[in-house]
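Fair warning: this is a prediction, and the values are worked out from it, not measured in the lab.
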Amino acid sequence: MAANALMSCGMAAAAVRPSVLSSSKSRFAASIPMATSGATTSRYTMSAEWMPGEPRPPYLDGSAPGDFGFDPLGLGEVPANLERYKESELIHCRWAMLSVPGILVPEALGLGNWVKAQEWAALPGGQATYLGNPVPWGTLPTILAIEFLAIAFVEHQRSMEKDPEKKKYPGGAFDPLGYSKDPKKLQELKVKEIKNGRLALLAFVGFCIQQTAYPGTGPLENLATHLADPWHNNIGDVLIPK
């Protein structure tokens, strides 16, 4: 009799649980698999959001790679602006993913840090070097002219493309390994790219803040100093006046 009573209570709880969860205002109610008395179960997925409980802006529908509904200032309310911001973010992410290894690798190899690497430009007749080797045509005016022409050409070619997706993901020569041939794999790689790019952007901002706090030092030097004495060499040493 006791076993029958427990079984009856369990079935009643299973029948009541969906109504309790569905009446709750919690967003997590839709994400919990709810048991039923039948043999089948239903699965519910919750879309990832940057702040649980905050409403997702209607113009951020989650279709873009890395879209978690983050726009607290409402900058993307205008569709044309939103598309431009997506493109700008992706381009800056790619630059950051190039710059962060370019900062860390030379310092790790003992070839100086990124702050001192640009000091040659302030010297009259200074010669640029890369990994300790002189750069051909390495004077400042020549390098600026080459960079201006190269970037102008690339940006002009990109502006000629009217398809927003092709502007961000041109493929062809920029996909020599053919990753874009599999649409499902391409979508996964797009998300990975934007996530790693955002991390690289934060890393570069951190490098700049560290250099401002300790002029002339690189990120690896700052890291080594912190690990040598973490209780004294940390952010509090900068923020708290002595």
Practice task
Could you pull out the closest heavy-atom pair between A128 and I143, with the gap in Å?
Solution key: CB-CD1, 3.7 Å
Completion exercise
Closest heavy-atom pair, V100 versus A200, reported as atoms and distance to 0.1 Å, is CG2-O, 3.6 Å
Problem - Nearest-0.5 Å distance that lies between atom CZ in F153 and atom CZ in F148 - result: 14.0 Å
Problem - D182 side, atom CG; Q187 side, atom CD - distance, nearest 0.5 Å - result: 10.5 Å
Practice task
May I ask you to check if K185 and Y179 form a cation-pi contact, with NZ or CZ under 6.0 angstrom from the six-membered ring centre and within 45° of the axis?
Solution key: no
Exercise for the section: Decide yes or no for C93 and E193: does some side-chain heavy atom of the first lie under 4.5 Å from some side-chain heavy atom of the second? Expected result: no
Exercise for the section: Answer whether the closest heavy-atom distance between the side chains of T217 and V115 falls below 4.5 Å. Expected result: no
Exercise for the section: List the steps, then state whether side-chain contact (heavy atoms from CB on, under 4.5 Å) holds for L186 with K190. Expected result: CA-CA 6 Å; L186 177 61; K190 286 180 179 180; 3.8 Å; yes
Problem - Connected via hydrophobic side-chain network under 4.5 Å: I151 and I91 - result: yes
Fill in the blank from the handout: Between G66 and R198, the two heavy atoms sitting closest are O-NH1, 2.9 Å
Practice task
Please examine the side chains of L60 and P57, heavy atoms only from C-beta on, and report whether any two atoms are closer than 4.5 Å.
Solution key: yes
Completion exercise
Of all heavy-atom pairs linking L98 and P101, the shortest is O-CD, 3.5 Å
Handout entry: Criterion side chain to side chain donor-acceptor pair (under 3.5 Å) against K168, the qualifying member of E87, E83, E161
Key = E83
Problem - Heavy-atom donor-acceptor pair, Q210 side chain to N222 backbone, under 3.5 Å - result: no
Handout entry: Side chain to side chain, I146 and T142, heavy atoms closer than 4.5 Å
Key = yes
Practice task
Would you confirm whether N113, through its side chain, and G216, through its main-chain N or O, come within 3.5 Å as a donor-acceptor pair?
Solution key: yes
Handout entry: Step-by-step side-chain contact (heavy atoms from CB on, under 4.5 Å) determination, K86 to L90
Key = CA-CA 6 Å; K86 289 179 182 178; L90 185 59; over 6 Å; no
Exercise for the section: Could you note down all residue pairs passing salt bridge (Lys or Arg N to Asp or Glu O under 4.0 Å) where residues 144-156 supplies at least one of them, sequence neighbours left out? Expected result: E155-R158
Exercise for the section: Check for a donor-acceptor pair, side chain of D67 on one end and backbone N or O of G62 on the other, with a separation under 3.5 Å. Expected result: yes
Practice task
State whether E188 and K184 are salt-bridged, where the test is any N-O pair (Lys NZ or Arg NE/NH1/NH2 against Asp/Glu carboxylate O) under 4.0 Å.
Solution key: no
Exercise for the section: Starting at OG of S99, measure out to CZ of F207 and round the result to the nearest 0.5 Å. Expected result: 8.0 Å
Exercise for the section: For D71 and Y59, test the side chains for any donor-to-acceptor distance below 3.5 angstrom and give the result as yes or no. Expected result: yes
Handout entry: Contact check, side chains of Y85 and E89, non-hydrogen atoms, under 4.5 Å
Key = no
Handout entry: Side-chain donor/acceptor of N233 to backbone N/O of P230, under 3.5 Å
Key = no
Completion exercise
Note: K181 and P183 closest approach over all heavy atoms is O-CD, 3.3 Å
Exercise for the section: Calculate, to the nearest 0.5 Å, the distance between atoms CG and CD belonging to L140 and Q127 respectively. Expected result: 11.5 Å
Practice task
Would you please say whether a donor-acceptor pair under 3.5 Å links the side chains of D175 and S180?
Solution key: yes
Problem - Side chain T225, main chain E221, donor-acceptor under 3.5 Å - result: yes
Exercise for the section: Carefully, step by step, assess N81 and L75 under the rule side-chain contact (heavy atoms from CB on, under 4.5 Å). Expected result: CA-CA 8 Å; N81 291 346; L75 300 177; over 6 Å; no
Problem - Close side-chain approach of V205 and L201, heavy atoms under 4.5 Å - result: no
Completion exercise
On a heavy-atom basis, the closest approach of W120 and G138 is CZ3-O, 3.5 Å
Practice task
Evaluate the side-chain proximity of P65 to Y169: yes if any heavy-atom separation is below 4.5 Å, no if none is.
Solution key: yes
Practice task
Keeping the roles fixed (side chain from R56, backbone from F70), state whether a donor-acceptor pair exists under 3.5 Å.
Solution key: no
Handout entry: Close side-chain approach of D229 to H232, heavy-atom, < 4.5 Å
Key = yes
